[in-house]
Amino acid sequence: RVTLPKGFIWRLPSATRNVKNAAGSFEETAKLLKSDELQVFYQVELAHLVYSPAEYPDLYKLVSEAYAISQQGFAIEKR
C-alpha cells in the first residue's frame with residue numbers, strides 16, 4: 001500500500017496488466033483505495049513445479065515479461 005503526499009493523485013492504467021503462456025501466468029492489479037492511496041496485487045501461477053530444459057524458453061519469457069510489467073510503475077499527477 002502506497003499513500004501519496006497531499007496534492008497528488010494516482011493515474012492508473014485502465015486494465016489489469018497480465019501475461020500468460022505455457023509456463024504459467026502473471027497478473028498485476030492496482031486498486032485505488034482513496035484518491036491518494038493505492039494497493040497493488042500481484043499473482044503468479046506456475047504450470048509446473050519442475051520445468052524441463054525444453055520448457056525453459058517459455059518460463060524465461062514469462063518471468064521476463066512479468067518483471068517488465070512490475071517495473072512499469074504508476075503515474076502520479078499534481079492536483
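Note that the numbering runs from 1 along the sequence shown for the chain.
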Check your understanding: Heavy-atom distance under 4.5 Å between the side chains of L33 and L38, does that happen here?
Key -> no
Check your understanding: Hey, mind stepping through F41 and K31 against side chain to side chain contact (heavy atoms under 4.5 Å, CB included) and telling me if it holds?
Key -> CA-CA 8 Å; F41 297 94; K31 180 180 177 185; 4.2 Å; yes
Check your understanding: Say you draw a straight line from OG of S25 to CG of L46; how long is it, rounded to the nearest 0.5 Å?
Key -> 8.5 Å
Check your understanding: Side chain of Y51, backbone of A23: donor and acceptor closer than 3.5 Å?
Key -> yes
Practice item. Any chance you could measure L12, atom CG, to R17, atom CZ, to the nearest 0.5 Å? Key: 9.0 Å
Review point. Can you tell me if D58 uses its side chain to pair, donor with acceptor, with the backbone of A22 under 3.5 Å?
Key: no
Study note, to complete from the structure: The reported gap from CD in Q39 to CG in L32 (rounded to nearest 0.5 angstrom) is 11.0 Å
Check your understanding: Roughly how far, to the nearest 0.5 Å, is OG1 of T16 from CD1 of I69?
Key -> 10.5 Å
Review point. CZ of F74: more than 12 outside heavy atoms within 6.0 angstrom?
Key: yes
Exercise for review: Output yes when a side-chain donor or acceptor of E37 lies under 3.5 Å from a complementary backbone atom of K34, and no otherwise.
Suggested key: no
Point to revise | Gap separating the CD1 atom of I76 from the CH2 atom of W10, nearest 0.5 angstrom | key: 6.5 Å
Practice item. Consider only side-chain heavy atoms of I, L, V, M, F, W and Y, link residues closer than 4.5 Å, and tell whether V40 and V44 are in one cluster. Key: yes
Study note, to complete from the structure: dist N21:CG -> L59:CG (nearest 0.5 Å) comes out at 8.0 Å
Exercise for review: Identify the heavy atoms of R79 and D36 that sit nearest to each other, and give their distance.
Suggested key: NH2-CB, 4.5 Å
Point to revise | Y67, OH: over 12 other non-hydrogen atoms inside 6.0 angstrom | key: no
